[in-house]
Each structure stands twice: as C-alpha cells, then as structure tokens.
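First up is the structure itself, then whatever we jot down about it.
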Amino acid sequence: MACSAAAGVEATALLSPRCPAPSPPDGRSRRRLALASRTRHRSLRAAAQRPHKSTTGADPLNNRANPRSDEAAVSAEKERQRKYNDGDGISNLQLEDLVGLIQNTEKNILLLNQARLQAMEHADKILKEKEALQRKINILETRLSETNAQHKLSSEGNVSDSPLLLEFDVLKEDNILLKEDIEFFKTKLIEIAETEEGIFKLEKERALLDASLRELESRFIAAQANMMKLGPRDAWWEKVEKLEDLLETTANQVEHAAVILDHNHDLQDRLDNLEASLQAANISKFSCSLVDLLQQKVKLVEDRFQACNSEMHSQIELYEHSIVEFHDTLSKLIEESEKRSLENFTGNMPSELWSKISLLIDGWLLEKKIAYNDASMLREMVRKRDSRLREAYLSYRGTENRDVMDSFLKMALPGTSSGLHIAHIAAEMAPVAKVGGLADVISGLGKALQKKGHLVEIILPKYDCMQVDQVSNLKVLDVLVQSYFEGNMFNNKIWTGTVEGLPVYFIEPQHPAMFFSRAQYYGEHDDFKRFTYFSRAALELLYQSGKKVDIIHCHDWQTAFVAPLYWDVYANLGFNSARICFTCHNFEYQGTAPARDLAWCGLDVEHLDRPDRMRDNSHGRINAVKGAIVYSNIVTTVSPTYALEGGRGLQDTLKVHSRKFLGILNGIDTDTWNPSTDRYLKVQYNAKDLQGKAANKAALREQLNLASAYPSQPLVGCITRLVAQKGVHLIRHAIYKTAELGGQFVLLGSSPVPEIQREFEGIADHFQNNNNIRLILKYDDALSHCIYAASDMFIVPSIFEPCGLTQMIAMRYGSVPIVRKTGGLNDSVFDFDDETIPMEVRNGFTFVKADEQGLSSAMERAFNCYTRKPEVWKQLVQKDMTIDFSWDTSASQYEDIYQKAVARARAVA
C-alpha cells in the first residue's frame, strides 16, 4: 500500500511504523529533482530582483500591496507547494538535500568566476611576453640584415671596411697573446714546482744533518764521560803543572849558575893579572901567600859550580823522564778513549745503515748469490751490530757489490741469537703509505722493537701513489717471486728500501688487473681480491727467501688472510718456524665476502666456511678478521678498554679465544712529536719553560687572523676527520659552546662525506667575520703541529675510539684534553675532578654520554679551572707534558707476548 509523506518534519516523525520510509529516488528522479531545483531557484531569484506589480487593489501612492491580494498570493503559493509535493513525492528531508546542492553549486560558480579572472590575468601576461619577444625578434632580424649587408660588402672587396672583421682580427691577436701568456705561466709553474722539490730535498737534507749533529753531540758527551771514567783529569793537569814548575825552577838555577860561572871567569882573569903584576914587581913572600889564598878560593868556587852543574843536569834528566812518562800515559789514555768511542759509535750507528746492510744481505740471498747459512750468519751479525760489518760496508761503499759480499763472507761466523726476527705484513706504513693510524703503528712499533735489539722487517704493497721520496735507497731486486692466484702462477717484482730506518720490501704484482696501480690505497671494487693476492705473495716472499722468522705480525682485515694461509698452506711445506700475531685496529672493518672468493688465494672453502672458523657470526659470508682471530697465536687490539667494548659482532668469537686476546695501548712517535725540537714551531719549548707555548699561541693567532687583544683568552683546538665516529654533532656543539664561554676555537680537518663537508662549510661561512672561530676544512701537517702547540685545550668527543693518538700528542704539547670516555681515550685521559682517581694521574676532563649536556659540563669545568686557577692549570699542563706516551712501553708489552709465544712453540717442538 502506498504511503504519502506528510508535509513538515513533525509529520515525518509521526509516520506509522507499518509504512516503510520512502525509498531514495532513482537516477531519472535525481535529474528531474535537480532540474526542478534549478528552475525554481532561477524563478525565485528573478522574482526577488524585479519590482512587484499590484494586480487588484494596489495603492499607487505608497506602493503597498492589497492585503487581500497578499493573502491570495500566499494561499496560491501554499497550494502550489502542496501540489508540487503531492505530485512528485518529495519530502521536506529531500528539500534540505536540494538546498545543500544549491549552496554547493553557488560555491562552484564562485570558484569558476575566480578561475576565469585568473585565466584572463594570465592571458594578459602572455600577451605582454609575446609583444616583448616580438620586439626582440625584430631587433635580431635588423641585426641579421645588417650582418648580411656587411657580409655582402666584404664579398665585394670591402673587407678592410668591415668592423666585424676588424674586431675579429683584434680578437685573434689577443688570443695569440693569451696563448703566449699561458705558455709563459706554464713554464713558471714548472720552475716553481722544481723549486719546491728542491726546497723539500734541502729540508730533508737539513733534517738529516740535524740528526747527525745531535748524534755527534751525544757521542762527544759519551766520549767525555769515558774520559772521566778512565781517570781524574784534574790529577793529570796537576802533574803537568808541577812539571812546568820544576822546569821553571831548573831554568832559574841554570841561569844562576851561568851568572856565577861568568863571575868566576872574571876572578880568574883578575888573578892572572895580579900574578903578572907581582912577578913584575918582585913582591914579598907575604904577597905570594895572599895569592895562594885567592887561588884556593877560586878553586872552591869552581868546585861549587861543578856541583851545581851536576845537580842541574840531574834535574833536567828527571824532567825529561817525567815528560816521557806523561806522554806515554796520555797516549794510552787517548788510544783507549778512541777505542771506546768507536765501540759506542758502532752501537749507536743510524738504524738506516744497518737496515741497508740487512737488505743487501737478503737481496744476495734472493738472487742466489750467497747460501742460506751464510745469510743467516750475516743477519745475526747485523742484529748484534757487529762493527766489522760496518767497517767493511763503509770501506767498500762505492765499489762493486761483489767486493762487499766477499768481505762479508770472510767475516761470517756461526753465532747464537737472543733477539727475535719479526716480519710485519701490512697495507700501510708512515710516511710512505699513510691513510690512518695503522701507518703510524707500523713505523712506531717497528722502530721501538728495532731499538730493543730485534731484527724487524716490513712487507708492503708497492702502490703507484705511495710517497717514494720517503724511501731511501729504493731499488728493484734482480729476481721475480712467483705466487699462486686463481689457479695460475704470477710473477712479482720485489723492491727494497729503508723507511724511518727500517728495512722494507715492496711487492709489485705482475698481474693483469694491476692491483696496486689504482692511484689510491683503498676503496676499489675488488679490494678483497687485491689483498688476498698480496697476503699470499708476502708469505711466498718469506718462504722463498728461506728465512727462519720468529713472529709474523699481520694487521687489520687487509692482511688477516695471512693467518689461515700460513697454517693451512705454508706450514705443510715446512715453513712453520713462526708464530702469528694479528692486530685489529678497528673492528668496524672486518673484510666480508662470499665464501667462494677464498679460493682465489688457494684456501680450502669447504674447510673454512664453518661457524668455528671463518663464517661470519651474523650471515653466511666469510669474515677475514674472524679467520685471523681463530688462526693466530696472538690477537691484540689497540687499547684495553676497546678490547672490553666488544668486537662489533665478533664478541662470541673473542670470548672463545679470550686467552690469547688482549688490548695494548698504542704509543706516539716522540721524535716527530716533540715541542722542544719541532721545526714547525716558531719557538721550541718544554715543560720547564712554557713561555714558548705562549709565543706559539700568539703566532697562530696572527697566522689565522684571530683576535689577540687578550693573550690569556683560552684557545680550544680540534684536529680530526669529520666522520660520524668522531662525533661531528658534538664537534659542532663545541664550536658554539666555546663562543658562548668566551674562548677561541680552531678546527683542522675535512670529511669524505659530502653532506658533512657542506655542513661545516656552512658553519665556516657563518663565522667568517668572527675573529674567535676558524675552521680550516682540509688537512695540513705543518699547521697541525702549530695548533697542538698553541691550544690550551683539545677536544676529542668520539662516539667510539679504538685508541686515538691526538689526545696523547696534545698532552705532549701542553694542551689539556677534553674527551669522551670510550676506547683508548678512557685508557689515556683521567678526569681532573674525579676524586676516586689518584691526583698524580689526573690529566684532563672527561664525559660519559655522547650528548651535548655532557660535553658542555666538561668544557665548563675546564674553562673554570683555566680562568680561576691559573697556577693549578699550569701544574696540570706541566704534568701532561711529562707523561711518557712513547712506543717504548707498548713495544715492551709486544716483546713480552712475542717471546712467550716463541717459547711455547720451542717447548712443543
């Protein structure tokens, strides 16, 4: 049954429950409703806009409608509404929807009008741009026609009158002049480069001369000491003075005797005259008696003179005997002193000379010019610093090698050795091939072990980008060492030279891939392949040379392959005298690759791709560092705290092998980093005389154009690579915090990450007009020395730091460190305000959390101590400068674990 909707909301609310609600209109109904709505809307608007016209009963004076007429109109409107509702079945609820549609339509119309206006404005803009382009086209057409006319005139022979051609000729002449200027400047640049190279060579020679001078001074002091040991020099000088006094007395006596003798001769002459006169005068017998008396007196004088003369001769003989005895003793003293001085010179000869002799012997062996036993004997003589080798090498220098070799072989005698033969296999070594701290460790540890009497050798790749000018006596051996790789045997050239006084072997692979001719040390797509090749070739060099090495020390993942190669390949060939030491300098880099890649260097993939050997702990790849930990006899890292902080995924492996794992804090090269001899400083200084530090601070301020009105204004230094590990967000905060505290800040360093480099370039631009902040975004070795010497404090806010060297160098130069307690920083810097630590070891300011609040607190404490307690600060600086961060302590620890490993090996054998 059809139900009609009542008009109004009230009627709708009272609908019978039995009557279903009206169904929504279909598509045709919707269109009809919309059309009706639009029609009604237009009619209502039109009615509202036009004036009402009265039909019946209108008042023309006041334009009022007739009431009856109004009532009729209302009634008619209601009737229409009723009919409309009844005819179409539209409820009041649907009418509300229609009103919403109308409102939306009005809004759309408004938006369309706005869009139309914007389109008209855009069209006007386009028309203006079109007119401007048309004007430009007209100008260009005009110029084109002028150019065509000029070209036509030129073709008719009026070339000289064409201004364009004249201008072209002028430009050609200018171009020729510019080319000449460029060639001139190129020549000047070449001359400047040659001059710089010459200056560098002169600097190097000067450094060598300085070293020689210091060595001669030390020898002179030693010789003086030896002279004092042989006898009291004052006693000898006293004896000489006595002899001189005796000689002077004797001379006086001789002169006195000569005077008496002259006087005697005068008396004799007088007596003779008197006798003649008496004889002539025939005087009495009494007178003769007087003459006899006088003659007796003369004889007595003569006897006295003879006695005096005899005494004088005996004194002269005694003097001459004493002089001879003195000269004999002095000759013996000089001879013995020269002998001791020579022995001292032999023992303190430059290490570089002994390294050259060692390389010479190894070269003869590799070239098969001498037997293995002879080479072993000669190496032992080198280790003992045998003076005969030195004398032979120096005497035959400049002659044929055959003469030197023959001389050496004559001296070769069997001997025993208490020192160790240590071979370092590494990817870096300072200063010849330096990327990071590994290079400094190889040089510093090698020199320290060499000074302790051990035979130390280094094996490196021969990079095409290495600093060959830092290698002395670089030469290629007349021998090729073959090594296995990818199923084939490849030749390797062997170069030798000395670096920092250490003998170094450089391996140059003759492989088609040119592994080390890439113009960079790391960062190649095939680094895993490059260094597996090098590890195999380095072991092959040791094996073919026939050396009985005691310790093979490999470093980081690049040479970690040495450990499994040694035990799985070369030990089976009889090369098993050595023990392997592996040092991981940074567990962030572990050398992972697919397991199949191990087969390149001849390792057994099936044998090694196991969880207890070389398979990585977190994925199925091979991990080179894990393999070295498993296969080495000794495993170390670069600080005790870093050893405890975990191995970046290798914690379980290190726990299994904890008995052979320890952390040894690195040292620094105290010859290079020494404020009392540093040639880069304006004024050298030491802990007892800090005025030189103030002078260097003033010099750096002048060099970097920093404010210098307040000499005591604290200067904070930071020298670092700008990478995430170093805490770049904390370095940035330190810059602003220093400015807030009223100090000065100098940053030296750059970033390999473009985003970080750009960020710090922006900070540098922000502070470019601030004369208290300087950011030098590059590395400059000479400037680094000056910053260490000038700074009062030194920031090292690392997120993690295996060892760290900058804090040690800073303290050596009297710059108090502000560091985060992590890794090697925790092992070398102890907080000044920590009362749980003995006062004598507190040397800096530390913080724990890697956040800005912790760094701010440490900086504030340091600034307060500097400004409010200057005397306390001075004592802290002096204490820091006297701390021993040399390699001697670290080398002693390595020496101890080396010897224990070798002793265990010999006990097993």
Side-chain angles (χ1 to χ4, degrees), residues 422-429 435-446 458-459 521-522 527-528 531-532 534-535 538 551-567 579-593 608 613-618 621-667 723 725 798-805 822-827 890-891 893-894 897-898 901:
I422 304 162
H424 288 273
I425 303 176
E428 299 179 35
M429 180 186 183
V435 175
L438 167 62
D440 298 306
V441 171
I442 300 301
S443 300
L445 178 59
I458 317 294
I459 303 177
Y521 301 109
Y522 307 133
D527 274 356
F528 194 90
F531 289 103
T532 51
F534 169 68
S535 297
I551 296 291
I552 297 176
H553 196 151
C554 46
H555 301 263
D556 276 348
W557 77 264
Q558 289 87 353
T559 58
F561 312 101
V562 166
L565 276 169
Y566 179 79
W567 290 115
R579 289 299 174 263
I580 306 297
C581 178
F582 171 71
T583 298
C584 184
H585 299 259
N586 192 335
F587 280 107
E588 285 292 305
Y589 310 101
Q590 298 181 7
T592 61
L608 295 171
R613 293 186 181 167
M614 290 190 72
R615 186 185 299 164
D616 191 85
N617 293 344
S618 58
R621 292 160 70 86
I622 284 295
N623 187 314
V625 170
K626 180 179 177 180
I629 293 170
V630 172
Y631 274 86
S632 296
N633 303 99
I634 306 165
V635 181
T636 70
T637 190
V638 293
S639 69
T641 298
Y642 191 59
L644 297 174
E645 288 177 344
R648 303 284 174 174
L650 294 175
Q651 294 90 334
D652 294 339
T653 304
L654 291 170
K655 190 179 296 183
V656 171
H657 298 277
S658 60
R659 293 185 63 183
K660 62 182 180 182
F661 177 56
L662 73 160
I664 298 177
L665 188 68
N666 285 342
V723 293
Q725 172 196 340
S798 301
I799 304 303
F800 71 93
E801 191 64 68
C803 177
L805 300 178
T822 180
L825 301 174
N826 187 55
D827 295 320
S890 305
Q893 291 180 268
Y894 274 108
I897 59 175
Y898 287 164

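No experiment lies behind these values; they were computed from the predicted model shown.
Inspection of the Asn666 and Ser890 side chains reveals no N or O donor paired with an N or O acceptor under 3.5 Å. Residues Ser798 and Gln725 bring no donor and acceptor atom of their side chains to less than 3.5 Å of each other. In this model, no donor atom of one side chain and acceptor atom of the other lie less than 3.5 Å apart for His553 and Tyr894. Using a 3.5 Å distance cut-off with no hydrogens or angles, the side chains of Thr559 and Ser535 do not pair a donor with an acceptor. Under 3.5 Å, the side chains of Gln558 and Tyr521 contain no donor-acceptor pair of N or O atoms. Side-chain contact, Thr641 with Asp827: a donor N or O sits under 3.5 Å from an acceptor N or O. When only modelled atom types and interatomic distance are considered, Lys660 and Asn633 share no side-chain donor-acceptor pair under 3.5 Å.
Here the CG atom belonging to Leu438 is positioned 4.5 Å from the CD atom belonging to Glu428, to the nearest 0.5 angstrom. Taking CD from Glu801 and CD from Glu645, the interatomic distance works out to 10.0 Å, rounded to the nearest 0.5 Å. One distance of note links CD1 of Ile629 with CG of Asn623; it measures 7.5 Å at 0.5 Å rounding.
Listed here is the closest heavy atom pair of His585 and Pro802: O-CB, 3.3 Å. Nearest approach of Gly667 to Leu805, heavy atoms of both residues: O-CD2, 3.5 Å. Residue Pro640 comes nearest to Leu665 through the heavy atom pair CD-N, 4.1 Å, listed as atom of the first residue, atom of the second, then distance. Nearest heavy atoms, Phe661 versus Thr636: CE1-C, 4.2 Å. Of all heavy-atom pairs between His424 and Leu445, the closest is CE1-CD2, 3.9 Å. Residues Val635 and Ala628 share a closest heavy-atom pair of CG2-O, 4.4 Å.
No side-chain heavy atom of Phe582 sits less than 4.5 Å from a side-chain heavy atom of Val630. In this structure, Met614 and Pro564 have side chains that are in contact, with non-hydrogen atoms separated by less than 4.5 Å. Tyr589 is not listed as a side-chain neighbour of Asp556, based on a closest heavy-atom distance of 4.5 Å or more. Between Leu650 and Gln590 the shortest side-chain heavy-atom distance falls below 4.5 Å. Taking 4.5 Å as the limit, some side-chain heavy atom of Ile664 sits within range of a side-chain heavy atom of Leu662. Looking only at side-chain heavy atoms (C-beta outward), Tyr631 and Val562 stay at 4.5 Å or farther from each other. Within the 4.5 Å cutoff, side-chain heavy atoms of Arg648 are placed close to those of Glu588. With contacts defined as side-chain heavy-atom distances shorter than 4.5 Å, the pair Asn617/Lys626 qualifies.
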field: Steps toward side-chain contact (heavy atoms from CB on, under 4.5 Å) verdict (Ile622, Asp616)
entry: CA-CA 6 Å; Ile622 284 295; Asp616 191 85; over 6 Å; no
message: Working note: Ile552 + Cys581, criterion side-chain contact (heavy atoms from CB on, under 4.5 Å); need CA distance, chi angles, decisive distance, verdict.
response: CA-CA 6 Å; Ile552 297 176; Cys581 178; over 6 Å; no
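Side-chain rings of Phe587 and Tyr642 approach one another, their centers coming within less than 6.0 Å. Remark: aromatic rings of Tyr566 and Phe561 are distant, center separation not under 6.0 Å.
Ser639 contributes no side-chain N or O that, together with a main-chain N or O of Cys803, makes up a donor-acceptor pair within less than 3.5 Å.
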